[in-house]
Structure formats: structure tokens, C-alpha cells
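Here's the structure, in C-alpha cells; my notes come after.
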Amino acid sequence: MYALISRAGDPTPHLEELPAQPLGTGDIRVEVAAAGFTLFDAFVAADHAPIGLPDVIGLGFDFSGVVAEIGETVSGFAVGDRVAGFHGNPAAGARAHATEVVLPATDAAVVPAPLSLEAAAAAPLNALTARQALDLLGSERGTLLVTGAAGGVGVWALALAKADGWTVDALVRPGTEHLATGADQTVTEIEPHAHDAVLDLAALNEPALAGVRDGGRYISVKPGRAPAPERGIEVSTVMSHADGPVLAGLLELAADGTVPTRIAATRPLSKAAEAYQEATAAPGSDGRWLLIP
């Protein structure tokens with residue numbers, strides 16, 4: 001197999017040939033069809049130390065592909081199934097940016113027939129992050145402000161929050177209002193103390209916290225970098241993690257068009273180093289970047 005490897009001290013990841021990963025009894029082996037690129041991958045490739053990663057790591061969170069092998073205790077999957085999944089261990093030696101990936105079957109989901117493998121690869125990280133962030137808000141509903149609402153996670157957050165029963169305002173940069181589909185209102189400035197909760201996908205921190213009413217709720221997406229609580233506001237941070245059963249339902253929303261799929265570009269895995277540089281230079285691109293083995 002070939003996998004994209006990052007070595008400490010070298011900001012450029014390299015495609016390397018590795019032995020096939022062992023298959024555990026509860027694992028599936030997937031021949032990767034497409035894998036999503038995130039700016040986090042570029043961040044860790046440049047410097048492993050800030051988040052305590054080993055000197056040698058694999059890259060890539062979300063992927064799609066075809067099941068090539070299943071562990072002896074796996075149920076619900078068969079060789080030949082089209083699947084998508086989330087590889088949530090950034091310390092692993094090989095991950096989703098590879099020709100094949102091995103992971104627990106519980107971290108993957110079957111891709112619905114109408115959904116292409118490319119579209120499926122663009123969904124897991126964005127969709128699960130949005131779902132898990134909204135779950136942190138609990139059962140009480142009201143007015144919700146989503147910052148960074150025109151981005152990949154934001155589009156999912158808007159659709160899921162509306163389905164949950166929130167009245168949703170979308171905060172976007174001027175000129176990107178058309179990307180924040182499904183919001184009750186699209187805004188380009190934060191009104192102080194106006195919302196019951198804020199989902200701060202743009203990581204604005206204190207300026208976004210200012211939009212929460214006294215005693216409201218604030219969700220951060222930056223572990224260790226959330227603003228300090230004030231005015232009785234409950235501050236939480238989403239920690240995205242794999243969840244195959246939940247992902248299965250989210251993929252259905254992508255398949256039926258409830259949440260639009262936006263792919264900015266596809267690049268071959270063999271040109272991954274150049275793709276990393278290109279995507280990092282254009283972080284505001286409309287849609288997900290994909291690497292194709």
C-alpha cells in the first residue's frame with residue numbers, strides 16, 4: 001500500500017510505500033476511492049509538536065471506497081460494499097490519505113446508492129462535526145447563530161439545526177451569503193447578546209461569545225482555545241469523533257440533496273504534496289478538496 005506520511009521537521013508530506021496494515025477482528029479494509037483534505041492536515045504536517053504527535057504520522061480524516069476485507073467478528077458489511085468513514089486517530093502511522101485504510105467497522109457506514117464515492121468522501125468530517133457540535137447544545141431550543149456558516153461544516157450545521165428545531169442565523173463574509181443555504185436569516189455582523197446559543201465554526205472566540213445572551217450557550221471548535229466563560233454562558237468545545245451509525249444517517253441527507261455537496265477540486269494522491277500547498281493557499285475555497293488514489 002501507499003500512504004501519505006508526514007515526518008517531523010519536514011513541512012512537505014511524502015507518499016511512501018508501506019506494508020499492508022494488519023486487520024483486527026472488528027476491522028474492515030477499504031480500498032480508498034477518495035479522501036478529503038483539511039487544513040488540520042496541513043497544520044500537523046508543518047509541525048507535530050504543538051499537539052504532541054509522534055515524529056512520523058499518516059494524514060487524512062475522511063474517505064470513501066470499497067470494502068476489500070472484513071474481520072471475523074464484523075457484521076453489517078461485506079466485501080464489495082461502498083463505504084465512507086472517519087479515521088479519527090491523528091497519531092496513526094497511516095490514515096485516509098492512502099491507497100487503502102484499515103479501521104473499526106463501527107467507524108464506517110455504507111454509502112447510499114445515489115451518492116457518488118467522491119461526494120461521500122467530502123461528508124464524514126464536516127457532517128459529524130456539525131452533528132456532534134449541535135448535540136452539545138442539549139434539548140432546549142431557541143435562536144442559534146452559526147459563524148462560518150458558508151463553509152463545509154457550516155452548511156451541515158444549518159441544515160441539521162433547522163431540522164432540530166432551532167431558529168438559525170448564519171454569519172458569513174460579505175459576498176458569500178448565497179452559500180449559507182437554509183438559514184432563517186443571513187448576517188454579516190454579530191448583534192450583541194442576541195442569541196440563545198452560538199456555534200462558532202469560524203473560531204472568532206470573544207467576538208462570537210458577545211453574541212450570546214446572558215446564561216446562553218457557546219460551542220467552540222478549537223480545543224484548548226475556547227474563550228473564557230462570562231455572564232453565566234456555558235462554554236463547550238466539540239471534539240469530532242468517528243460514529244458509523246450516525247454517519248449512515250448523515251450520508252442519506254447528502255444522497256437526497258438535503259445538504260448540498262461542494263467539491264472545490266480533486267487531485268491525484270501521487271501529487272499530494274502539490275495539492276497540500278495549493279489548497280492551503282486557498283483556504284476559503286467553495287467546497288472540499290479531495291485526493292484520489
Side-chain angles (χ1 to χ4, degrees), residues 28-38 60-70 74-88 96-101 103-135 146 149-164 168 170 178-183 240-269 285-293:
I28 58 175
R29 187 185 309 277
V30 179
E31 294 180 356
V32 175
F37 168 88
T38 74
F61 283 95
D62 42 6
F63 68 92
S64 66
V66 176
V67 175
E69 186 180 3
I70 62 173
V74 171
S75 61
F77 295 92
V79 172
D81 281 350
R82 300 187 323 139
V83 297
F86 179 92
H87 196 302
H97 291 174
T99 53
E100 67 174 45
V101 61
L103 78 167
T106 53
D107 294 352
V110 173
V111 175
L115 194 64
S116 72
L117 287 175
E118 288 78 11
L125 179 59
N126 288 343
L128 286 169
T129 299
R131 180 68 271 163
Q132 291 161 6
L134 290 167
D135 288 346
V146 178
V153 181
V155 171
W156 277 96
L158 294 179
L160 296 176
K162 285 296 297 179
D164 285 353
V168 185
H178 64 289
L179 297 176
T181 55
S240 305
H241 57 273
D243 189 327
V246 170
L247 178 60
L250 296 169
L251 291 174
E252 292 287 353
L253 297 179
D256 68 15
T258 298
V259 181
T261 298
R262 300 202 302 253
I263 297 173
T266 60
R267 298 289 185 268
L269 185 61
S285 294
D286 175 15
R288 202 80 149 83
W289 284 69
L290 298 181
L291 295 175
I292 308 294

Which donor-acceptor pairs under 3.5 Å do the side chains of residues 149-162 make with protein atoms, sequence neighbours left out?
unit_1, atom_1, unit_2, atom_2, d
K162, NZ, D184, OD1, 2.8
K162, NZ, D184, OD2, 2.9

- Note on the structure: R131 meets the salt bridge (Lys or Arg N to Asp or Glu O under 4.0 Å) criterion, sequence neighbours left out, with D135, D164
Quick one: closest heavy-atom pair of [X] and [Y], and the distance?
{"X": "A98", "Y": "V32", "answer": "O-CB, 3.3 Å"}
{"X": "I70", "Y": "F77", "answer": "CD1-O, 3.7 Å"}
{"X": "A34", "Y": "I292", "answer": "CB-CD1, 3.4 Å"}
{"X": "V67", "Y": "A78", "answer": "CB-O, 3.5 Å"}
{"X": "F86", "Y": "F63", "answer": "N-CE2, 3.9 Å"}
{"X": "H97", "Y": "A35", "answer": "CD2-CB, 3.6 Å"}

Would you be so kind as to tabulate the donor-acceptor pairs closer than 3.5 Å made by side chains of residues 241-252, with sequence neighbours excluded?
unit_1, atom_1, unit_2, atom_2, d
H241, ND1, Q132, OE1, 3.4
H241, ND1, M239, O, 3.1
D243, OD1, V246, N, 3.2

From [atom1] ([X]) to [atom2] ([Y]), nearest 0.5 Å:
{"X": "W289", "Y": "T266", "atom1": "CH2", "atom2": "OG1", "answer": "9.5 Å"}
{"X": "L269", "Y": "L290", "atom1": "CG", "atom2": "CG", "answer": "12.0 Å"}
{"X": "T261", "Y": "E118", "atom1": "OG1", "atom2": "CD", "answer": "11.0 Å"}
{"X": "R262", "Y": "N126", "atom1": "CZ", "atom2": "CG", "answer": "9.5 Å"}
{"X": "D62", "Y": "L128", "atom1": "CG", "atom2": "CG", "answer": "9.0 Å"}

- Message: Would you say CD of E31 has more than 12 non-hydrogen atoms from neighbouring residues, nucleotides or ligands within 6.0 angstrom?
- Response: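 Not more than 12 within 6.0 Å, no.
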- Evaluate side chain to side chain contact (heavy atoms under 4.5 Å, CB included) for F61 paired with S240, printing each intermediate quantity in order. CA-CA 10 Å; F61 283 95; S240 305; over 6 Å; no
- Check whether any side-chain heavy atom of I28 lies under 4.5 Å from a side-chain heavy atom of L103, and answer yes or no.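 The answer is yes; the side chains approach within 4.5 Å.
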- Are the side chain of R288 and the backbone of A121 linked by a donor-acceptor contact shorter than 3.5 Å? no
- Message: Using modelled atom types and a 3.5 Å cut-off, is there a donor and acceptor pairing between side-chain atoms of D81 and backbone atoms of V83?
- Response: no
